[in-house]
Amino acid sequence: MTSLAGGLSALAPLAARVCPWLVDAPAPVEDEPADGVVRAMTLILRLEREAPTRTEVLEAAASAALALCLDERAAPEGEWFDAVATWAGAGRIRKLSRRARTAHWRAVQEVPGVTVGQLVRALVPGPVDDVPHEVRRLQIGGTDLPADEPGAAPPGRPVIWLSPEVEQTVGKAAAQVGHASMILATVLAASGADPASALEASVRPASREDWARWTAALDADPTGRAAWEGHGVVPVRDAGFTEVAPGTVTCVAAR
């Protein structure tokens, strides 16, 4: 058994849920925050008229979500620690995607958070009903991009594999890959490996053959231990608030 240290300790409550066989802390019993305040991390997707590819946006989203959690400001004694730790400990790590461009994109750079590749800005988590004006005016729905063909993932890097069985808008998928990078980093840290390697994760669609093998391992052992030890993957199971049914595995992250 290990504990999470350093800047990743804000995600310690998440470890108890995603890799209980590796940590000492018990998993939270409730899925909802004790104080009744619903919190979320907002991901701002930069979708200009000359839009980037879907894969570029998703990879930036995965990196931005984790980069915020690994930022020194999210470490103990950092100005973001309480916000990130409270959000991560609430049970469900909610994320919301909004789209922006031109002046609206520039405006959200003033809201506390981390930007990756000038494509996605992850904002410090907070109550969903109390967001800055610069964020509130941004549209949530209608966030989509066509599928692209990114080719094989670079060797030696983690990969987030999207389910071939679930259709997701780019906004939904951005939230899911953001979950995936955080979960992978948490399991890596609890295993004694470098969580920062998950910052470089590629995003690719999974083949049906690989997906069937991974989900079979998850079905056989819902704790995820067999899938991690046998295949090196950790799942994202959706809470079912939008687009998909509760418990749906939307993607897996492979070390």
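As the structure is a prediction and not an experimental result, all values here were calculated from the model.
Closest non-hydrogen pair, Val23 versus Ala16, comes out as CG2-CA, 3.8 Å. Heavy-atom minimum distance, Ser202 versus Pro154: OG-CD, 3.2 Å. For the pair Leu11 and Ala88, the tightest heavy-atom approach, listed with the atom from each and the gap, is CD2-CB, 3.9 Å. What you find for Ala254 and Leu184 is that their closest heavy atoms are O-CD2, 4.1 Å. Nearest heavy atom pair, residue Ala193 against residue Pro195, reads O-CD, 3.2 Å. Closest heavy-atom contact between Trp80 and Gly113: CH2-O, 3.6 Å.
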Original post:
Given the rule in the side chain to side chain contact (heavy atoms under 4.5 Å, CB included) test, do Val159 and Val203 qualify, once you have shown the distances and angles that lead to the verdict?
Top reply: CA-CA 6 Å; Val159 182; Val203 177; over 6 Å; no
Original post:
What's the verdict on side chain to side chain contact (heavy atoms under 4.5 Å, CB included) for Trp161 and Cys251, showing C-alpha distance, side-chain angles and the deciding distance?
Top reply: CA-CA 5 Å; Trp161 298 101; Cys251 58; 6.0 Å; no
**OP:** Take Gln176 and Leu162, measure what side chain to side chain contact (heavy atoms under 4.5 Å, CB included) needs, and give me the verdict at the end.
**Re:** CA-CA 9 Å; Gln176 301 304 295; Leu162 295 169; 5.6 Å; no
**OP:** Let me see the working for Val252 and Trp211 under side chain to side chain contact (heavy atoms under 4.5 Å, CB included), right down to the final yes or no.
**Re:** CA-CA 9 Å; Val252 300; Trp211 193 256; 4.0 Å; yes
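Not one N or O on the side chain of Thr248 forms a donor-acceptor pair closer than 3.5 Å with the backbone of Val244. A donor-acceptor pair under 3.5 Å is absent between the side-chain atoms of Thr169 and the main chain of Asp144, judged by distance alone. The backbone N or O of Thr55 lies less than 3.5 Å from a partner atom in the side chain of Asp148, making a donor-acceptor pair. Not a single donor-acceptor pair under 3.5 Å links the side chain of Arg237 to the backbone N or O of Val249. Using modelled atom types, no side-chain atom of Ser163 and backbone atom of Thr250 make a donor-acceptor pair closer than 3.5 Å. Side chain of Arg121 to backbone of Val116: no donor-acceptor contact under 3.5 angstrom is found. Side-chain atoms of Thr215 come within 3.5 Å of backbone atoms of Ala212 as a donor-acceptor pair (strictly under, hydrogens ignored).
Taking CG from Leu188 and CG from Asp194, the interatomic distance works out to 8.0 Å, rounded to the nearest 0.5 Å. The CG atom of Leu68 lies 9.0 Å from the CE atom of Met182; values are rounded to the nearest 0.5 Å. For the atom pair Arg17 CZ and Thr223 OG1, the distance stands at 14.5 Å (nearest 0.5 Å). Put simply, CD on Glu77 and CG on Asp82 are 9.0 Å apart, with the number rounded to the nearest 0.5 Å. The CG atom of Asp71 sits 8.5 Å away from atom CD of Glu79, with the distance rounded to the nearest 0.5 Å. For the atom pair Glu134 CD and Ile44 CD1, the distance stands at 10.5 Å (nearest 0.5 Å).
The shortest side-chain heavy-atom distance between Arg208 and Glu165 falls under the 4.5 Å cut-off. Counting only heavy atoms from C-beta outward, the side chains of Leu45 and Leu119 never approach each other to under 4.5 Å. The shortest distance between side-chain heavy atoms of Val135 and Val111 falls below 4.5 Å. The shortest side-chain heavy-atom distance between Leu14 and Ile93 falls under the 4.5 Å cut-off. The side-chain heavy atoms of Val124 and Trp87, taken from C-beta on, include no pair separated by under 4.5 Å. Val18 is not listed as a side-chain neighbour of Val234, based on a closest heavy-atom distance of 4.5 Å or more. Inter-residue side-chain proximity for Ile183 and Val236 is flagged as met; some heavy-atom pair is nearer than 4.5 Å. For the pair Ser97/Ile140, no side-chain contact is recorded, criterion being any heavy-atom separation below 4.5 Å from C-beta on.
Sorted by first and then second residue, the salt bridge (charged side-chain N to carboxylate O under 4.0 Å, His left out) pairs involving residues 218-229 (not counting sequence neighbours) are Arg225-Glu229.
Gln139 pairs in a side chain to side chain donor-acceptor pair (under 3.5 Å) with only one of the listed residues (Arg98, Arg99, His104), which is Arg99. A salt bridge (charged side-chain N to carboxylate O under 4.0 Å, His left out) with Asp238 is found for exactly one of Lys95, Arg94, Lys172, namely Lys172.
There is no path of hydrophobic side-chain contacts, each under 4.5 Å, that joins Val114 to Leu138. Under a hydrophobic clustering in which Ile, Leu, Val, Met, Phe, Trp and Tyr are joined whenever their side-chain heavy atoms come within less than 4.5 Å, directly or via other members, Val84 and Val187 fall into the same cluster. No chain of hydrophobic side-chain contacts below 4.5 Å, direct or via other Ile, Leu, Val, Met, Phe, Trp or Tyr residues, connects Trp214 to Val177. By the rule that hydrophobic residues join a cluster once side-chain heavy atoms approach within less than 4.5 Å of another member, Val108 and Met41 end up as members of separate clusters.
Salt bridge status for Glu59 with Arg204: present, with a side-chain N to carboxylate O gap under 4.0 Å. At a threshold of 4.0 Å, the pair Glu48-Arg46 counts as salt-bridged, since one of the basic side-chain nitrogens sits closer than that to a carboxylate oxygen.
There is a side-chain donor-acceptor pair under 3.5 Å between Thr115 and Gln109.
Both tests hold for Arg255 against Trp228: distance to the six-membered ring centre under 6.0 Å, angle to the ring axis within 45°.
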